[in-house]
Each structure stands twice: as C-alpha cells, then as structure tokens.
Amino acid sequence: MSSKPSTQPLIELRDVVKVYSTAAGDFPALKGINMQVGAGEFVGVIGKSGAGKSTLLNMITGVDHITSGEVRVDANGSPVSVHSMDEDRIALWRGKTMGVVFQSFQLLPMLTLVENITLPMDLCGNFNPKQSRERALELLRLVEIEEHADKLPAFISGGQQQRVAIARALANDPPILIADEPTGSLDSVTADHIFEVFEHLVTDQGKTIVMVTHDQSLAPRFSRTLRIADGELDTDLVTEADSKPGGRRMK
Ligand SMILES: Nc1ncnc2c1ncn2[C@@H]1O[C@H](COP(=O)(O)OP(=O)(O)O)[C@@H](O)[C@H]1O
Ligand SMILES: [Mg+2]
C-alpha cells in the first residue's frame with residue numbers, strides 16, 4: 001500500500017467552491033479546493049472549527065450542492081461526476097459507494113439501534129434481508145455497543161450514538177468511508193478503539209477513508225494529512241512528519 005495517490009484517484013476534487021448565501025451576504029466556505037485521494041489511503045483532514053471541514057465532506061458525498069468545480073469518484077471502474085447526478089441517483093450511488101458518518105450522527109429516532117443499521121441494508125439490497133439483522137449485530141459488536149441493540153437512540157449517550165453511526169456507515173460494506181469528527185464525542189479509550197477499527201478497515205479490508213478532525217494530535221496516525229483553514233487547503237503545511245507509509249499506527 002502506498003501513501004501517495006495512485007495515478008487513477010478514487011476521489012478527485014477540482015477547484016471546488018462552496019458559497020453559502022446568508023442574510024448577511026454570500027459566505028465562501030470553500031475557496032477552490034483541489035485534492036486527490038487514492039485507493040487504500042487513510043486521509044486525515046485537520047482544521048479548526050469553522051475551517052470548512054464539514055462543508056468539504058458534504059461536497060464529496062453530494063449531500064449538499066456545489067457552487068462550482070467538480071467532484072469525481074471512481075469507485076467501481078466507472079468514474080462518476082457526483083454533482084451531475086439528480087438527488088435520487090446520488091442517494092442510490094452513495095448508498096453503494098460510501099459510508100458517511102455525520103458530525104451530528106443523524107440516527108432515526110423512532111428506530112432501534114439495530115434497525116438504524118438494517119434500514120440502509122434493506123434499501124440498498126446488497127445483503128439478503130434475512131442476513132441483515134445478523135450483520136447489523138456484528139457491526140454493533142465491532143463498535144462495542146451490541147448490548148444496546150434493541151434500544152432507541154434517545155436512551156443511549158452521545159458517544160454511544162456516534163458508535164452506532166459508525167456501524168451504520170459500514171452497513172453496506174462500502175469501499176469508501178467518509179467520517180466527520182467520528183471520535184469527537186468519545187472518551188479517549190473508545191476513540192482509540194474506533195481509530196483502530198478504522199485502521200483495520202484500511203489495512204485488512206482495503207477500504208479508503210477520509211476523516212476530518214480538529215484534533216492535531218491525530219495527525220501522525222493517518223497515512224496522509226491535509227490541513228484546511230478558511231476554506232483553503234494548506235498544502236505547504238503537509239510535512240514529512242504528517243505523512244507516513246501505510247495506515248498502521250506506530251507506537
Ligand atoms: N448552511 C450554512 N449556511 C451559512 N454558513 C454556513 C453553513 N454551513 C456552514 N457555514 C459556515 O461555513 C464555515 C465552515 O463551516 P463548516 O464546514 O461546518 O466548518 P467545520 O466543519 O470545519 O467546523 C463556517 O464559517 C460556518 O459558519
Ligand atoms: Mg464540522
């Protein structure tokens with residue numbers, strides 16, 4: 001596995017601009033982002049609160065509209081221009097291609113934890129409905145929260161909901177995982193465990209992960225680190241210390 005993007009990037013952003021229209025006027029949250037992510041990379045995007053991290057992920061996943069530029073994803077041999085698809089096609093494509101962990105979890109409140117995970121499986125059809133509960137329980141076991149499987153989200157803590165959101169992102173076994181501060185609500189021991197789960201997904205299962213965080217101390221654990229500030233990637237700040245071969249942590 002290489003820490004450099006392969007010649008055919010899995011994810012490519014070209015001059016991505018996102019301007020939010022607010023009552024106070026237009027606000028440029030992303031000011032022309034160019035980046036590439038190769039298959040098998042574990043890329044960390046690090047920046048302070050308000051830097052544009054969540055906006056960047058929303059452009060990659062197609063959850064929000066782009067102002068200009070292009071996002072291309074080539075996960076199964078046929079490159080897709082994410083923002084050229086209509087909403088229905090994006091949703092279907094996203095379901096098969098990327099697991100998304102939102103900063104605010106976004107669990108469905110009227111479904112139990114296990115149902116929150118079987119739902120995307122049943123919608124996507126990658127897994128036999130007879131297997132989906134079993135697989136969901138397996139994923140809840142992976143994030144160490146299986147004992148709460150039949151509870152509603154309101155009855156577990158924020159950190160526990162975050163773990164369920166991670167399990168849900170893995171439901172359809174997507175090649176790409178896009179995670180927005182996925183360890184932000186976790187205590188340090190649990191955060192460490194989740195990080196190890198991510199590392200194994202990259203090294204053992206060949207997944208590609210883009211994770212954003214404001215936690216500078218995580219930088220050495222990614223296979224590559226990008227810095228974002230005021231809607232711009234600061235490529236000059238990508239130092240040797242930030243980049244290391246492989247996705248495995250060195251203690
Ligand atoms: N829907 C929105 N409307 C207007 N401004 C927004 C919206 N979403 C985010 N912003 C602004 O864009 C900037 C980047 O936000 P965000 O991507 O959420 O940053 P981060 O995830 O790095 O904390 C912030 O200044 C934020 O206030
Ligand atoms: Mg954010």
Side-chain angles (χ1 to χ4, degrees), residues 11-37 41-73 82-83 87 90-91 94 98-107 153 157-169 176-188 190-191 194-195 198 208-222 224-239 242:
I11 302 168
E12 182 171 22
L13 278 71
R14 294 181 187 165
D15 293 321
V16 167
V17 171
K18 177 62 180 180
V19 178
Y20 290 114
S21 299
T22 71
D26 285 350
F27 180 83
L30 297 177
K31 301 170 181 169
I33 301 280
N34 289 288
M35 64 180 267
Q36 298 186 341
V37 178
E41 282 198 288
F42 184 5
V43 173
V45 180
I46 302 186
K48 292 183 183 150
S49 178
K53 303 183 298 297
S54 296
T55 305
L56 178 68
L57 295 192
N58 289 344
M59 297 301 107
I60 295 175
T61 57
V63 162
D64 195 3
H65 297 286
I66 202 166
T67 302
S68 63
E70 189 180 16
V71 177
R72 292 169 75 83
V73 177
V82 174
H83 296 269
E87 306 269 326
I90 288 193
R94 190 190 306 116
M98 30 178 91
V100 184
V101 183
F102 294 98
Q103 195 166 6
S104 51
F105 324 136
Q106 311 272 15
L107 300 178
S157 73
Q160 290 170 323
Q161 291 185 39
Q162 189 156 41
R163 284 189 263 166
V164 177
I166 291 164
R168 180 186 54 187
I176 301 171
L177 192 64
I178 302 289
D180 197 347
E181 312 235 14
T183 56
S185 301
L186 305 177
D187 64 85
S188 63
T190 310
I194 292 298
F195 216 94
F198 281 14
T208 303
I209 302 181
V210 179
M211 166 174 162
V212 310
T213 178
H214 63 265
D215 187 353
Q216 298 279 351
S217 71
L218 290 174
R221 297 180 63 170
F222 296 110
R224 189 158 59 98
T225 303
L226 302 171
R227 309 264 172 187
I228 186 169
D230 295 325
E232 289 179 291
L233 281 184
D234 210 339
T235 40
D236 294 345
L237 287 179
V238 181
T239 63
D242 286 340

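Whatever order the structure lists them in is the order used to number ligands and atoms, beginning at 1. Starting from 1, each residue takes its place in the sequence as its number.
- You'll find the side chain of Ile228 reaches within 4.5 Å of the side chain of Leu233, heavy atoms only.
- Taking a 4.0 Å cut-off on heavy atoms, Gly52 registers as neighbouring ligand 1.
- Scanning all protein heavy atoms for the shortest distance to atom 2 (C) of ligand 1 gives Tyr20 CD2, 3.4 Å.
- Heavy atoms from both the backbone and the side chain of Thr55 come within less than 4.0 Å of ligand 1.
- Those atoms of ligand 1 that come under 4.0 Å of a heavy atom in Thr22, given as number and element, are 4 (C).
- Here's the thing with Leu56: none of its N/O atoms is less than 3.5 angstrom from an N/O atom of ligand 1.
- Residue Gln103 has no N or O atom closer than 3.5 Å to an N or O atom of ligand 1.
- Within ligand 1, the atoms closer than 4.0 Å to a non-hydrogen atom of Lys48 are 22 (O), numbered from 1 in the order shown.
- Distance remark: protein heavy atom present below 4.0 angstrom from atom 5 (N) of ligand 1.
- Taking each heavy atom of Gly231 and Ile33 in turn, the nearest pair found is O-CD1, 3.5 Å.
- Between the Mg ion (ligand 2) and Ser49 there is no N/O/S contact shorter than 2.8 Å.
- Between the choices Ala29, Ser49, Gly50, the shortest heavy-atom distance to atom 24 (C) of ligand 1 belongs to Gly50.
- By the 4.5 Å heavy-atom criterion applied to side chains, Leu56 and Leu13 are counted as neighbours.
- Inter-residue side-chain proximity for Asn58 and Asp180 is flagged as unmet; no heavy-atom pair is nearer than 4.5 Å.
- In this structure the side chain of Phe198 never reaches within 4.5 angstrom of the side chain of Thr183, judged on heavy atoms.
- The angle that Gln103 OE1 and Ser54 OG make at the Mg ion (ligand 2), rounded to 10°, works out to 80°.
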Kindly determine whether Asp64 and Lys18 satisfy side-chain contact (heavy atoms from CB on, under 4.5 Å), including the steps that lead there. CA-CA 9 Å; Asp64 195 3; Lys18 177 62 180 180; 3.5 Å; yes

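- Protein heavy atom closest to atom 26 (C) of ligand 1, with residue, atom name and distance, is Phe27 CE2, 4.7 Å.
- Remark: side-chain polar atoms of Lys31 are paired, donor with acceptor, to backbone N or O of Asp230 under 3.5 angstrom.
- At a threshold of 4.5 Å between non-hydrogen side-chain atoms, the residues Met211 and Leu218 count as touching.
- In summary, Thr55 places no N/O/S atom under 2.8 Å from the Mg ion (ligand 2), failing the contact criterion.
- Between Phe105 and Ser185, the closest side-chain pair of non-hydrogen atoms falls below 4.5 Å.
- Using modelled atom types and a 3.5 Å distance limit, the side chains of Gln36 and Arg72 yield no donor-acceptor pair.
- For atom 18 (O) of ligand 1, the closest non-hydrogen atom of the protein is Ser54 CB, 3.7 Å.
- Remark: distances from the non-hydrogen atoms of His214 to ligand 1 are all 4.0 Å or more.
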